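Keep in mind the model is a prediction, meaning the values are calculated, not measured. Both ligands and their constituent atoms are indexed starting at 1 by order of listing.
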Amino acid sequence: MKQIIGVKVKTRKVEFAQCRTDVLVVGRFSDGGPDEVIGALDKKLGGGIDRLATLGDFTGKPKTHALLYSDGKIAAQRVLLLGLGERKKATLDTLRRAAAAAASRAVDLKVQRIALALHRAFGDGLPAAAMGRAMAEGAYLGSYRYDEYVSENGNGRLGSLEVEIVDSEPTRVQSLAPGVSAGIIVGQAQSYARTMANRPANVIDPPALAQAACDLARTLPSVRCTIFDEKQLRAKGMGGLLAVGSGSQSRPRLILLKYTPTRKPSQEVPTVALVGKAITFDSGGISIKPAQDMDQMKFDKTGGIAVLATIRALAELKLPVNVLGLIPAAENLPSGSSYRPGDIITTYSGKTVEILNTDAEGRMILCDALAYAAEQKCEVIIDIATLTGACMVALGAYKAGLMSNDDDLVARLQQAAQESGESVWRLPTGEEYAEEMKSKIADLKNAGSRWGGACTAASFLQQFIGTAKWAHLDIAGMDVFLKPTEYGCVGGTGFGVRLLTTYLMNLVERK
Ligand code: BES
Ligand code: MN
Ligand code: ZN
């Protein structure tokens, strides 16, 4: 894949005032009090930072910044002060967002090199490795731009950026470093996910996605990629995936990625299946969507892409856990060969489904992949999908819906959400919702009433997971930034990569 911005992240031991760089980045809490690093720099700078504070030009409020030019008084060309907000509200994500804001600013300033000393404001309140990881992730998130198809890189931005995470104390540099290494892997995986997500449906159709998965797997010795094409899907009886894909010239695929670590997983670590919805374009099919914003439906593949990128991160991290990635891929289009409302589809599990709305296609492809995962004896199954507009209505674009049959799995995903900054909120599933999904003329129907659509959809999926511990992440609304944020440009967010990777890292470390 074309590197859109080549970002290099490293650590360096250096006295802050002697750090030769284009921009030295420091953070300040709004209720911070005197800061050792800033104090020492300001002495050399002749009190410019202090003046900003006394004049009220920079108070450390969240999302604010001030840029100072050092005029040769320190080795850095510029000092970027970032507001971190109230100290008691600070989390790892505060640091990640600050690093991202700095990296984004660096791209806009067209500088080559920046140095992050943001962690210093946090003192020893957070583990150093976790801070290193958050800053490295932030560096990738904030510098990300998508201008693959814009001639001459759109804004004339530079093609690369070097981000150094700096500290004057060698022991601190040492304790940041392992986190930085992990953060680089996760950050790059997330950027990969964003680019794949941003690529339009005429570029990424199901066969192209399958090809990209195989290409990726070829670079990862511990990952094996198998593709079921239409013929194999038919032989296996994957009627849900076939039905959804039947309207498009681009034929559906089931992408299977098997990650087998070289380091043997410990016995308590379960085998995990990650199942991601990859509708490369969702027009709604015969139950066609309105024209307004239909272009956004190229992002309906982002659950599948999150799975693909998570597998990449796991393999590069060499995490000792067995993971099976399953990505059902199809394009949902209306045509003479499309599936229709009223059709009764026999799914891979043998359960039949009456189609009431061809726009409820996500569950139709996921049910085949989930039943397959259950058959592979995966003890934990996590699916991730831009499944329902109803989830967006419920939670907005701030948190993903989380439904599950297992409280421990929920707690672990909530923990991972907190650490990764990719938020989730638990929503219910179960009997009363499942009741709505019963059909009079088939085992199930694919759409319920107007109400509780995220929960009825999850309850539909729940009927295909066998005896596994299962969690469902409804990421509708989380897949795309509609306006620029600290995390960079509009478009694909790569949501789920940090969440799932963190869940798996913790699974290995804490059992
Ligand atoms: N991919 C959509 C859900 C979606 C909508 C994601 C908006 C992101 C933004 C999904 O396939 C869909 O169309 N769901 C329907 C289900 C309904 C027909 C039961 C929905 O939510 O309206
Ligand atoms: Mn749909
Ligand atoms: Zn969809």
Verify whether one side chain among Arg412 and Ser404 offers a donor that lies under 3.5 Å from an acceptor in the other.
no

If the cut-off is 4.0 Å to any non-hydrogen atom of Arg363, which atoms of ligand 1 fall inside it?
16 (C), 19 (C)

Identify the closest protein heavy atom to atom 22 (O) of ligand 1: which residue and atom is it, and at what distance?
Gly389 N, 4.5 Å

Hey, are the side chains of Arg312 and Gln188 touching, using non-hydrogen atoms and a 4.5 Å cut-off?
yes

Apex the Zn ion (ligand 3); atoms Asp282 OD2 and Glu361 OE2; angle rounded to 10 degrees
90°

Would you call Asp229 and Arg251 a salt bridge, taking side-chain N to carboxylate O under 4.0 Å as the test?
no

among protein heavy atoms, the one nearest atom 17 (C) of ligand 1 is Ala360 CB, 4.3 Å

Against heavy atoms of Asn357, which atoms of ligand 1 measure under 4.0 Å?
18 (C)

How far is atom 12 (C) of ligand 1 from its nearest protein heavy atom, and which residue and atom is that?
Asp359 O, 3.2 Å

Note: ligand 1 atoms sitting under 4.0 Å from heavy atoms of Ala476 are 6 (C), 8 (C)

Short N-O contact, Lys277 and Glu361, less than 4.0 angstrom
yes

Decide whether an N or O pair under 3.5 Å exists between Thr388 and ligand 1.
no

As a quick check of understanding, evaluate side chain to side chain donor-acceptor pair (under 3.5 Å) for Tyr348 and Glu375, giving each step before the final call.
CA-CA 11 Å; Tyr348 181 62; Glu375 206 180 71; 2.6 Å; yes

Any chance the side chains of Gln414 and Gln418 put a donor and an acceptor closer than 3.5 Å?
no

Are Thr280 and Asp205 linked by a side-chain donor-acceptor pair shorter than 3.5 Å?
no

Atoms of ligand 1 under 4.0 Å from any heavy atom of Met392, numbered from 1 in the order shown, are 9 (C)

Residue Glu361 vicinity, atoms of ligand 1 by number, heavy atom under 4.0 Å:
11 (O)

Report yes or no: does Asp359 have an N/O/S atom closer than 2.8 Å to the Mn ion (ligand 2)?
yes

Measure from the Zn ion (ligand 3) to each N, O or S atom of Lys277 and report whether any distance is below 2.8 Å.
yes

For the Mn ion (ligand 2), find the closest N/O/S atom belonging to Glu361 and write down its atom name.
OE1

Within 4.0 Å of some non-hydrogen atom of Lys277, the atoms of ligand 1 are 1 (N), 10 (C), 11 (O)

Any N, O or S atom of Asp359 closer than 2.8 Å to the Zn ion (ligand 3):
no

Is it true that Thr302 and Arg194 share a donor-acceptor pair across their side chains at a distance under 3.5 Å?
no

In Asp282, the N, O or S atom nearest to the Mn ion (ligand 2) is which?
OD2

Salt bridge or not for Asp407 and Arg426, using N-O below 4.0 Å?
yes

Between Ser283 and Asn332, is any side-chain donor less than 3.5 angstrom from a side-chain acceptor?
no

Close-contact set for ligand 1 against Asp282 heavy atoms, below 4.0 Å
1 (N), 2 (C), 10 (C), 11 (O), 13 (O)

Counting from 1, what ligand 1 atoms have a heavy atom of Thr386 closer than 4.0 Å?
1 (N), 2 (C), 3 (C), 6 (C)

Heavy-atom pairs closer than 4.0 Å: do any link ligand 1 to the side chain of Leu387, the backbone, both, or neither?
backbone

Side chain, backbone, both or neither: the part of Met478 lying under 4.0 Å from ligand 1 by heavy atom
neither

Checking side chain to side chain contact (heavy atoms under 4.5 Å, CB included) against Leu387, which of Leu473, Asp300, Ile475, Leu461 comes through?
Leu461

Identify, by name, the N, O or S atom of Asp300 lying closest to the Zn ion (ligand 3).
OD2

To the nearest 0.1 Å, how far is atom 7 (C) of ligand 1 from its closest protein heavy atom, and which atom is that?
Met297 CE, 3.5 Å

Side-chain donor/acceptor of Thr358 to backbone N/O of Gly284, under 3.5 Å:
yes

I'd like to check atom 1 (N) of ligand 1 in this structure: does the protein have a heavy atom lying under 4.0 Å from it?
yes

Kindly say whether Ser248 contributes a backbone atom to a donor-acceptor pair with the side chain of Glu331 at under 3.5 angstrom?
no

Identified side chain to side chain donor-acceptor pair (under 3.5 Å) counterpart of Trp470 within the set Thr429, Asp406, Asn405, Asp383:
Asp383

